[in-house]
Amino acid sequence: MEPIAVIDFETTGISPGQSCRATEIAAVIVEDGRIVGRFQSLMKTGVWVPPFIENLTGISNAMLHAAPPADEVMEAVAEFVGDIPLVAHNASFDQKFWDAELALIRRQRRQTFACSMLLARRLLPQAPNHKLGTLNSWARLPVTGKAHRAMADAEMAANLTLFMTGQLRDQHGIQAISHNLLCRLQKVPAAKIGEALKLARNA
DNA sequence: TGCCAGGCCCTCTTTAGGGCCTT
């Protein structure tokens, strides 16, 4: 598979806007079955972090006060990722923040997102649930650090994506695995995934 | 004033409702 960039945002809430901004971004580049590059930074936006989010992520208002400005961080991570296709766990969430934070520095996303959660629902239906942490423990993937910090979660999502592409290759006999295939599979109705995997194997 | 996401997926479905998943 071509290189992919797996990203994860920590934020002050659930939907980007004036009172909800990113607090941390991590991106890892995955190539030849392993992580070959890492970017991580807190980012200062001036938006207050509610106590619930401080408790969840461990990212405090004091930590962000000393962080680099969001525009500088987003410029840097956009350069780091370049045109490499993106992956995130529940990508609709990270895509909203990626697009919103880029728009604030007058940049536009040029690549598509694949979603490790939508893929896991189809490829790993036997998992107890499809939360990132649960899937990583269930698949016995490495512990990458404190959950709900951007780099730990990005590495977990990267390892999970590698686990699923490994299954596509080894269990389903699919040789031509690409970001585009992941994007196609995540849209197949869950009940028809077997059919789609057969088609991909014979392609 | 009071509200506050949204796309996906399943089912006791399709003229709908509710859980999942991300912070």
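Each chain gets a letter, A, B and so on, in the order its sequence line appears, and its residues count up from 1.
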C1' spacing across the pair B:dT13 / B:dG17, given as an integer number of angstrom: 9 Å
Using only atom types and a distance under 3.5 Å, with no angle test, would you say the side chain of A:Q111 pairs donor to acceptor with the backbone of A:I84? yes
Atom-to-atom span, NZ of A:K192 to C1' of B:dC8 - whole angstrom: 16 Å
What's the gap between B:dC8 and B:dG2 when it is taken at their P atoms, as a whole Å value? 34 Å
Rounded off to whole Å, could you give me the CD1-to-P distance for the A:I25 and B:dT22 pair? 16 Å
Return the set of residues passing salt bridge (charged side-chain N to carboxylate O under 4.0 Å, His left out) with A:D99 (not counting sequence neighbours), or none when no residue passes. A:R109
A:K146 NZ to B:dT23 C1': how many Å, rounded? 12 Å
Would you say B:dC21 has OP1 or OP2 under 4.0 Å from some side-chain N or O of A:H130? yes
Spacing of the C1' atoms in B:dC21 and B:dT14 (rounded, Å): 24 Å
Using the side-chain contact (heavy atoms from CB on, under 4.5 Å) rule, pick out the option among A:L119, A:V30, A:V87 that qualifies with A:T161. A:V87
A:I53 has its side chain closest, among B:dC10, B:dT22, B:dT23, to B:dT23
What is the distance, to the nearest angstrom, from the CD atom on A:Q186 to the P atom on B:dT22? 15 Å
Among A:T11, A:L64, A:T57, A:L42, whose side-chain contact (heavy atoms from CB on, under 4.5 Å) with A:E24 holds? A:L42
Measure from CE on A:M156 to C1' on B:dC21 and round the result to the nearest Å. 14 Å
Taking atom P in both B:dC4 and B:dG18, compute the distance separating them and give it to the nearest angstrom. 15 Å
Could you check whether any side-chain N or O of A:Q186 sits under 3.5 Å from a backbone N or O of A:C115, counting only pairs where one atom can act as donor and the other as acceptor? yes
Sugar-phosphate, base or nothing in reach of A:T57, heavy atoms under 4.0 Å: sugar-phosphate
With a 4.0 Å cut-off, would you call A:R21 and A:E101 a salt bridge? yes
Report the distance from atom CG of A:D8 to atom P of B:dT22, rounded to the nearest whole Å. 9 Å
Separation of atom CD in A:E24 from atom P in B:dT22, rounded to whole Å: 16 Å
Heavy-atom protein contacts under 4.0 Å, nucleotides 1-7 of chain B, coded B base, S sugar-phosphate only, - none: ----B--
Can you confirm whether more than 12 heavy atoms, excluding those of A:K146, are under 6.0 Å from its NZ atom? yes
Using whole Å, what does the distance between atom P of nucleotide B:dC8 and atom CG of A:L185 come to? 16 Å
Under 4.0 Å, counting only non-hydrogen atoms across every strand here, what does A:D94 touch: a base, just sugar-phosphate, or nothing? nothing
Could you check A:L118 against A:G133 and say which one's nearest nucleotide on DNA chain B is further toward the 5' end? A:L118
On a whole-Å scale, what distance lies between the P atoms belonging to B:dC3 and B:dC10? 32 Å
N or O in side chain of A:H89 less than 4.0 angstrom from B:dC21 OP1/OP2: no
Using a cut-off of 4.0 Å on non-hydrogen atoms, how would the nucleic acid contact of A:D153 be classed: base, sugar-phosphate, or nothing? sugar-phosphate
Counting only heavy atoms from other residues, nucleotides and ligands, does the tally under 6.0 Å from NZ of A:K131 exceed 12? no
Taking the C1' atom of each, how far is B:dC20 from B:dT15, in whole Å? 25 Å
Categorize A:F9 for me: base, sugar-phosphate, or nothing, with a 4.0 angstrom heavy-atom threshold over every strand shown. sugar-phosphate
Between B:dT23 and B:dG6, how many Å separate the two C1' atoms, rounded to a whole number? 14 Å
